[in-house]
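What follows is a short report on a single structure.
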Number of protein chains: 2
Amino acid sequence: MNASSRGERVEREGPTFSPLYRQIKGLITRSLQGGEWKPGELIPSETELAARFGVSQGTVRKAIDELAAENLVVRRQGRGTFVATHQEARAQFRFLRLRPDQAGEAGVMDSRILECRRLRAPGDVARALQLRAGEAVVQIRRLLSFQGQPTVLDEIWLPGAQFRGLTFERLSAYTGPLYALFEAEFGTRMIRATERVKAVAADEATAKALAVAAGEPLLLVERVTYTYEDRPVEMRRGLYVTHRHHYRNELG
Amino acid sequence: MNASSRGERVEREGPTFSPLYRQIKGLITRSLQGGEWKPGELIPSETELAARFGVSQGTVRKAIDELAAENLVVRRQGRGTFVATHQEARAQFRFLRLRPDQAGEAGVMDSRILECRRLRAPGDVARALQLRAGEAVVQIRRLLSFQGQPTVLDEIWLPGAQFRGLTFERLSAYTGPLYALFEAEFGTRMIRATERVKAVAADEATAKALAVAAGEPLLLVERVTYTYEDRPVEMRRGLYVTHRHHYRNELG
DNA sequence: TAGTGGTCTAGACCACCGT
DNA sequence: CGGTGGTCTAGACCACTAA
């Protein structure tokens with residue numbers, strides 16, 4: 001699978017052509033996915049990988065460039081290239097786009113697990129997670145508060161098969177980003193997500209949980225999160241109070 | 001300003017060091033900004049630019065890589081590199097993140113200008129556009145409808161100095177993206193933007209304009225748009241009806 | 001066919017990090 | 001100091017486009 005000898009050229013693979021560096025990227029991705037190098041660990045140097053795959057360092061470099069751009073890997077000059085992890089402060093707010101209106105008052109964030117149970121996937125969840133209807137899923141409900149103010153009410157759905165040992169107790173005992181727990185304990189790394197945002201009125205139960213009036217306008221944020229190879233592994237429905245916060249977005 | 005002769009090395013410029021390719025990027029950006037090449041036009045080939053700046057083609061290439069990543073230019077293999085423009089179908093929905101819930105029913109979009117007047121900048125607008133308080137600005141109000149349904153009510157603020165000939169008549173006569181008009185007629189190219197999204201209840205006037213009930217939850221989308229060198233040149237406040245649409249976002 | 005961007009290589013040197 | 005990623009060069013060849 002490597003172009004070992006000088007001058008040997010890589011052929012088109014079926015109808016779709018990939019340049020060499022993209023094939024190398026695929027090989028590295030497979031190693032990441034397979035756990036050859038774990039989150040936070042150092043991967044081999046560019047020179048080493050070049051030797052392993054029988055290509056030039058520049059080609060490996062271009063492959064890693066793309067992996068770094070996709071946040072699968074982090075470069076550190078003088079030290080090496082590391083497998084990205086949700087453990088770092090850097091990565092905390094990569095997926096949560098809610099920000100305080102007055103910048104600076106980041107303040108304390110508190111997460112409280114309300115519920116964690118296993119049940120059969122409702123239709124929409126099964127569809128989003130590409131499961132067969134009625135397959136087992138884990139449902140988590142939790143409340144995020146910022147300096148004591150209840151602000152985000154989340155309902156999270158995960159495929160039951162991949163999250164066997166996930167219990168209310170385990171979640172409640174854990175402090176820190178959920179995605180860090182998922183990657184460390186369940187070998188599932190969240191890579192990217194898409195969100196659909198709408199404005200809705202708070203129903204009675206929601207209003208009570210978030211300590212706002214019934215009918216209060218809230219952001220409804222529906223997220224589908226993907227791991228390697230664009231496989232969906234989480235669906236999330238969040239209700240955000242935007243009195244003192246907003247959903248921030250950068251348009252490139 | 002160019003490292004013409006072989007072996008001559010570029011020095012640190014004051015306390016901040018830039019690699020050569022980034023300096024080249026700056027020179028190309030300046031030419032874009034100065035109008036040496038207009039939106040939609042072909043810029044010189046990489047070889048030509050390399051000769052002009054006295055660097056290797058690879059260095060120019062890396063500079064253009066970044067410009068392409070920032071959507072300032074568009075590469076077309078076999079043809080050349082073009083100055084990006086808001087005229088193309090590709091670029092239409094780069095800034096408007098509203099999407100129909102049922103994909104596929106893109107349908108007809110209709111834009112109706114409600115108002116266009118010149119006045120002194122209110123405090124928040126002046127601050128966002130980095131103008132002195134009370135400086136002249138243009139205010140535009142418009143309504144976007146999708147298959148006949150009023151959906152977006154926009155209030156747009158522009159610096160008066162840069163948008164002199166902008167009138168209600170000129171806007172109403174124009175069909176197509178506003179940013180295409182701005183770049184063609186006023187030499188102002190919108191590069192990137194940041195948005196802050198909140199959920200709010202429709203007030204009486206808004207409800208009427210959008211044909212919804214008063215108190216209806218709406219998305220409030222506040223945008224600040226920047227041109228070259230991160231100079232803010234537009235502030236926008238939009239109210240979105242999300243009955244059959246949603247605000248779509250990709251989390252990388 | 002000529003010209004463009006796209007890929008790949010090999011080798012040099014720089015900037016940064018830890019020991 | 002040695003090793004890592006970061007920059008820069010020069011040159012070869014490929015893929016695509018237009019004339």
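Here is the naming used below: chain letters follow the sequence lines, and residue numbers restart at 1 for every chain. Just so we're clear, the structure is a prediction, and the values are computed from it rather than from any experiment.
A salt bridge is defined here as a Lys NZ or Arg NE, NH1 or NH2 lying under 4.0 Å from an Asp or Glu carboxylate O, and A:Glu185 with A:Arg170 meets this definition. Taking 4.0 Å as the cut-off between side-chain N and carboxylate O, B:Glu222 and B:Lys198 do not count as a salt-bridged pair. Ion pairing between a basic and an acidic side chain is recognised when a charged N comes within 4.0 Å of a carboxylate O; A:Arg75 and A:Glu46 show such pairing.
For B:Arg75, whose side chain is taken as the heavy atoms from C-beta onward, the closest listed nucleotide among C:dG6, C:dT9, C:dT7 is C:dG6. The A:Leu20 side chain lies nearest to C:dC8 when the options are C:dT9, C:dG5, C:dC8.
Rounded to a whole Å, the CZ atom of A:Arg22 is 15 Å from the C1' atom of C:dC8. Atom CD of B:Gln57 and atom P of D:dA12 are 13 Å apart (whole Å). One atom, CG of B:Leu49, and another, P of D:dT9, lie 14 Å apart when rounded to the nearest Å. The separation between B:Glu46 atom CD and D:dA10 atom P is 15 Å, rounded to whole Å. Between the P atom of D:dG5 and the CD1 atom of A:Ile28 lies a distance of 11 Å, rounded to the nearest Å. C:dC8 atom C1' lies 11 Å from atom OH of A:Tyr21, rounded to whole Å.
The only option from A:Arg237, A:Arg223, A:Arg97 that meets the salt bridge (charged side-chain N to carboxylate O under 4.0 Å, His left out) definition with A:Glu195 turns out to be A:Arg223. A side chain to side chain donor-acceptor pair (under 3.5 Å) with B:Glu234 is found for exactly one of B:Tyr179, B:Trp157, B:Tyr226, namely B:Tyr179.
Here the CZ-CG distance, from A:Arg248 to B:Asn249, works out to 12.0 Å after rounding to the nearest 0.5 Å.
Ring planes of A:Phe186 and A:Phe182: perpendicular class, angle over 60° (limits at 30 and 60°). Between B:His245 and B:Phe146, the ring planes lie tilted relative to each other; the angle falls in the 30° to 60° range.
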N/O to N/O distances under 3.5 Å, protein versus nucleotides 1-3 of chain C:
from	atom 1	to	atom 2	distance (Å)
C:dG3	N2	B:Gly78	O	3.0

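Close to D:dG5, at under 4.0 Å from its OP1 or OP2, lies a side-chain N or O of A:Thr81.
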**Study point:** Step-by-step salt bridge (charged side-chain N to carboxylate O under 4.0 Å, His left out) determination, A:Arg192 to A:Glu70
**Key:** CA-CA 9 Å; A:Arg192 66 173 196 89; A:Glu70 293 165 22; over 6 Å; no
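Using a 4.0 Å cutoff on non-hydrogen atoms, the parts of residues 59-68 of chain A near DNA chain C are A:Thr59, A:Lys62, ordered by number.
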